[in-house]
Amino acid sequence: MKRVISSLLIATALVGSAIQPAAASDHHHHNNTGRVIAGGVAAGVVGGLIGGAIANSGPRYVDGPRYVEPAPRCWYEDRDVRNRYDGGYHTETVRVCE
C-alpha cells in the first residue's frame, strides 16, 4: 500500500512539473519566468524528498550485540628445548600465548 501511494505522489509531482512550464509558456509576459523556475525547483525538491523516503523505507537488518573474544596475548621467551640427536638441551626462543 505504501508503494502505491508513494508511486502516485511521485507521478503527480512529475506530471505537475511537466505541465507547469508548458502552461506558463502560453503567457506572453516576460516577467513570470521566476515563478516558472521556482515551481520547477519546488517540484524537484518534493520529488526528491518523496523518492528518498521510498528508497529508505525498506527493512533494515541489524545484528544484535555479540561477544567477540579478545586476541590472545603472546610474547617470546627463551626456553630449554630437548635436542633430538643427542638427548641434550639447548636454548630456543619460543612464542608463548595465553
Side-chain angles (χ1 to χ4, degrees):
M1 186 68 181
K2 271 184 169 180
R3 290 184 181 183
V4 172
I5 291 172
S6 59
S7 297
L8 289 173
L9 288 173
I10 289 174
T12 305
L14 291 175
V15 169
S17 65
I19 291 174
Q20 190 172 10
S25 66
D26 292 339
H27 297 290
H28 295 289
H29 303 290
H30 296 288
N31 60 357
N32 288 332
T33 56
R35 292 182 189 171
V36 173
I37 293 172
V41 169
V45 169
V46 170
L49 289 173
I50 293 171
I54 292 170
N56 290 328
S57 65
R60 296 182 184 185
Y61 301 101
V62 178
D63 290 338
R66 56 186 163 173
Y67 176 73
V68 178
E69 284 190 29
R73 193 176 135 230
C74 298
W75 63 91
Y76 291 94
E77 285 184 356
D78 289 336
R79 291 203 175 170
D80 289 332
V81 179
R82 186 167 193 118
N83 193 350
R84 288 181 171 176
Y85 303 107
D86 62 1
Y89 287 92
H90 65 275
T91 303
E92 282 188 11
T93 303
V94 180
R95 183 176 178 195
V96 179
C97 296
E98 282 185 345

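Pairs passing the salt bridge (Lys or Arg N to Asp or Glu O under 4.0 Å) check and including a residue from residues 83-93, sequence neighbours excluded, do not occur. The disulfide bond (SG atoms under 2.5 Å apart) analysis of residues 38-91, with sequence neighbours excluded, yields the pairs Cys74-Cys97.
For the residue pair His90 and Arg82, the shortest heavy atom distance occurs at CE1-O, 4.3 Å.
Annotation: side chain to side chain contact (heavy atoms under 4.5 Å, CB included) contacts of Tyr85 (sequence neighbours excluded): Asn83. Legend: residues meeting side chain to side chain contact (heavy atoms under 4.5 Å, CB included) with Val45, ordered by chain and number and at least two apart, are Val41, Leu49. Scanning for salt bridge (Lys or Arg N to Asp or Glu O under 4.0 Å) contacts around Glu98 gives Arg73, with sequence neighbours left out.
Clustering of Ile, Leu, Val, Met, Phe, Trp and Tyr side chains at separations under 4.5 Å places Trp75 together with Val96.
Atom-to-atom distance recorded for Glu77:CD and Thr93:OG1 is 10.0 Å, nearest 0.5 angstrom.
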